[in-house]
Each structure stands twice: as structure tokens, then as C-alpha cells.
Amino acid sequence: MANRQLVGQTLAEARKKQQKTQKQLADQTAIHKSTISEIENGRFTGSLDIFERYIDTLGYQLDIKPKQHQLPDWDELDSLFGDDE
């Protein structure tokens, strides 16, 4: 799952645990409901200010950390560099 999708899914679950609808959060944050939907579906490309307002309302914060590189496993290496028959 892509990182944006995972973040969006996490936020949607947090909203639901708080028993809030997207409409309620839209009213509370002054962020349009369709923008909240984009965030939760991993398609948001808007401003950091909007994203931070939304996550803050849910009790989250944005942290920056070094990117972790993931090496392919052996099966993936075989498919990448295997013999073409």
C-alpha cells in the first residue's frame, strides 16, 4: 500500500473511532468535505496547512524522519534478474 494511502486510512480510522463524520470534521476545521475525502483516500495534493489542520483535529502531528530504504527480498531479485527463457 502506498504511503499516502496508509496515512489516509489511518486518519479515516481515527476519525471513525472518534465517531465523527467527514461533514462534522469539515465544519470543525473549515476544510471542504471533498478535501477530507481526498486526504483519507490518499489523493490529497493540497497545502500542508490544510493537512496539518486536519490531522491536528484528530490528535495527530506530522513528524519528519529519514527515509528508510527497503531492499527487495530474494524472490523479488529472482524476478528482477532471473534468466529470460
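From a predicted model like this one, the values you see are computed outputs, not experimental measurements.
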- Item | Distance-only side-chain donor-acceptor flag, Gln5 / Asn3, under 3.5 Å | no

- Do Tyr54 and Arg15 have side-chain heavy atoms sitting under 4.5 Å apart? yes

- Query: Looking only at side chains, do Glu40 and Gln22 share a donor and an acceptor under 3.5 Å apart?
  - Reply: yes

- Item | From CD1 (Ile50) to CD1 (Ile36), nearest 0.5 Å | 10.0 Å

- Query: How far does CD1 of Ile39 sit from CG of Leu58, to the nearest 0.5 angstrom?
  - Reply: 9.0 Å

- Distance in Å, Glu38 CD paired with His32 NE2, rounded so as to fall on 0.5 Å steps: 10.0 Å

- Message: Could you go through Leu62 and Asp56, starting from their C-alpha distance and side-chain angles, then the distance that decides it, and tell me whether this counts as side chain to side chain contact (heavy atoms under 4.5 Å, CB included)?
- Response: CA-CA 9 Å; Leu62 184 63; Asp56 183 61; over 6 Å; no

- Item | Interatomic spacing from OG1 in Thr35 to CZ in Arg53 - rounded to 0.5 Å | 9.5 Å

- Answer yes or no: is there a side-chain heavy-atom contact under 4.5 Å between Ile31 and Leu25? no

- Query: Transitively linked via ILVMFWY side-chain contacts under 4.5 Å: Val7 with Tyr60?
  - Reply: yes

- Message: Assess the residue pair Glu52 and Gln61 against the criterion (side chain to side chain contact (heavy atoms under 4.5 Å, CB included)); give the C-alpha distance rounded to whole Å, side-chain angles, the decisive distance to 0.1 Å, and a yes or no.
- Response: CA-CA 7 Å; Glu52 284 182 313; Gln61 67 184 27; over 6 Å; no

- Query: Nearest 0.5 Å, what's the CZ-OG distance between Arg43 and Ser37?
  - Reply: 5.5 Å

- Task: To the nearest 0.5 angstrom, please state how far the CG atom of Asp27 sits from the NZ atom of Lys20.
- Result: 11.5 Å

